[in-house]
Amino acid sequence: MSEVGVVRGGHLLTMGPAGDLEDGAVAFAHGEVLAVGPFAEIAGRYPDAAVVGDDRGVVLPGLVNAHTHLSEALLCGMGEDLSLLEWLAAIITPAGRHLTREMARTGAMLKGAELLLSGVTCVNDMFCHTSQGSLASLGAVDGLEAMGLRGVVAFGAEDAVDPLPVADVLAEHHALAERCAASRLIGFRLGVGTVLGQTDELLRASAAEARANGWAVHTHLAEVKEEVVQARLRWGETTVGRAGSVGLLEVPLLAAHCVWVHTDEIVALARAGAAVAHNPVANMILASGVCPVPALRQAGIPVAIGTDGPASNDSQNMLEAVKAAALLQKVARLDPRALTAGDVLAMATVEGARALGLDELIGSLEPGKRADVVRLRGDRPGLANVHDPRQQVVYCASPADVADVWVDGIRRVADGRLVDHDLAALVEASRPLAADLVTRAGLEDFSRLAVRRE
Ligand SMILES: [Zn+2]
């Protein structure tokens with residue numbers, strides 16, 4: 001039996017130099033892409049390889065979800081009538097005080113399943129909590145690793161609302177960095193929950209720690225208008241300005257949102273080589289605003305797409321976030337060309353990989369890169385008649401069309417089902433922990449789980 005695997009599709013979107021191929025295939029072995037090309041050519045080169053797929057459907061690189069919070073994995077469906085700052089105060093902050101490493105692991109496995117089943121192979125997580133001494137963020141690595149996902153995990157530290165000793169926060173960054181260093185597929189970033197959510201002492205210490213250790217940083221930036229106003233009142237400058245003042249633009253920075261940025265701030269972010277994670281569904285559900293995606297990209301800033309957390313989307317369905325990214329720009333600018341299917345597919349693959357500094361490894365299907373591959377089936381209505389594969393992946397495909405997923409050459413989804421896990425068991429394992437978290441955090445007013453437990 002050959003060690004080479006081949007994935008075939010009616011259309012192969014390499015998102016790399018080979019472009020889009022009809023009846024194309026990708027061959028890989030030991031986790032590495034060996035070749036892409038027309039299926040007939042690939043089959044001739046690797047005649048003994050096992051072939052998955054046929055001359056229908058679409059094969060493309062695994063999607064990169066550039067921003068989520070697995071710390072919210074057990075809190076879907078709460079507070080849709082709240083704006084960001086209200087929602088943080090009412091739900092996220094109280095819950096963050098009670099998260100445990102076990103909740104983190106179980107939640108990451110549950111949402112990891114949802115990610116894989118929507119075609120995601122790489123996820124950038126910012127795990128936010130103030131559960132002192134729990135090292136809960138390490139549980140997100142445990143969970144993602146158990147699911148076989150590639151990713152990056154940051155501890156989204158904040159101490160302005162819930163005071164934490166700066167030394168404890170830095171200790172968790174180091175513990176998480178060590179945990180990630182021991183993981184084959186999970187990397188680390190230093191997390192700054194929000195610039196406004198940190199005391200001046202922690203903000204300065206975070207920037208210094210990132211510079212001293214050569215760590216990249218992940219933060220939220222300019223998400224809502226109130227953030228800009230509060231920052232001006234506190235420091236006399238916006239959060240983008242403050243990030244620059246404390247040195248956060250001197251390290252590789254991935255900033256989520258950047259909805260409320262002025263032209264000069266876009267220029268500053270571009271000059272700093274910063275990247276942006278755009279979260280259209282979260283921006284819409286929290287009524288935060290419309291990210292100037294075209295202007296950011298025209299300035300040369302890589303703009304990735306994220307689902308955002310399971311309590312502000314509330315789904316980890318990446319295909320939905322990709323579609324929403326195009327729709328939001330079209331309607332906000334009353335211009336159907338504002339952001340095309342090709343644009344958002346690039347943002348969810350090759351541009352997302354660049355935003356995370358992983359473009360040498362993933363984001364496109366080309367020889368030498370890692371084999372993160374998704375096959376969308378062609379025997380369902382969405383992709384039955386493919387006139388334009390890019391438009392149909394973005395506007396027609398749903399998780400039900402995700403047939404097979406490989407991460408680093410290992411098949412994690414086969415024929416629409418998880419290979420290594422029983423989905424029903426993951427769901428069951430999460431239920432007592434979700435109920436426990438609601439009770440401990442006093443979120444009964446937002447949850448029917450608590451009512452049912454009486
Ligand atoms: Zn977020």
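Order of listing sets the numbers, starting from 1, for every ligand and every atom in it.
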**OP:** For the Zn ion (ligand 1), decide whether Glu223 has an N, O or S atom at a distance under 2.8 Å.
**Re:** no

Subject >> Atom of His67 nearest the Zn ion (ligand 1) (restricted to N/O/S, atom name only) >> reply: NE2

**OP:** Evaluate the salt bridge (charged side-chain N to carboxylate O under 4.0 Å, His left out) criterion for residues Lys369 and Glu366: first the C-alpha distance (whole Å), next the side-chain angles of each, then the deciding distance (0.1 Å), finally the verdict.
**Re:** CA-CA 6 Å; Lys369 285 200 178 184; Glu366 52 186 299; 3.7 Å; yes

Original post:
Looking at the Zn ion (ligand 1), which N/O/S atom of Asp308 is the nearest one?
Top reply: OD1

Original post:
Could you walk me through whether His220 and His69 pass the ring-ring contact (aromatic ring centres under 6.0 Å, His included) check?
Top reply: CA-CA 12 Å; His220 294 87; His69 303 283; 5.0 Å; yes

**OP:** Could you tell me if the ring centre of His257 sits under 6.0 Å from that of His67?
**Re:** yes

**OP:** Consider only side-chain N and O atoms of Thr194 and Gln198, and report whether a donor and an acceptor are under 3.5 Å apart.
**Re:** no

Original post:
If the Zn ion (ligand 1) is the vertex, what is the angle to NE2 of His220 and NE2 of His69, rounded to 10 degrees?
Top reply: 90°

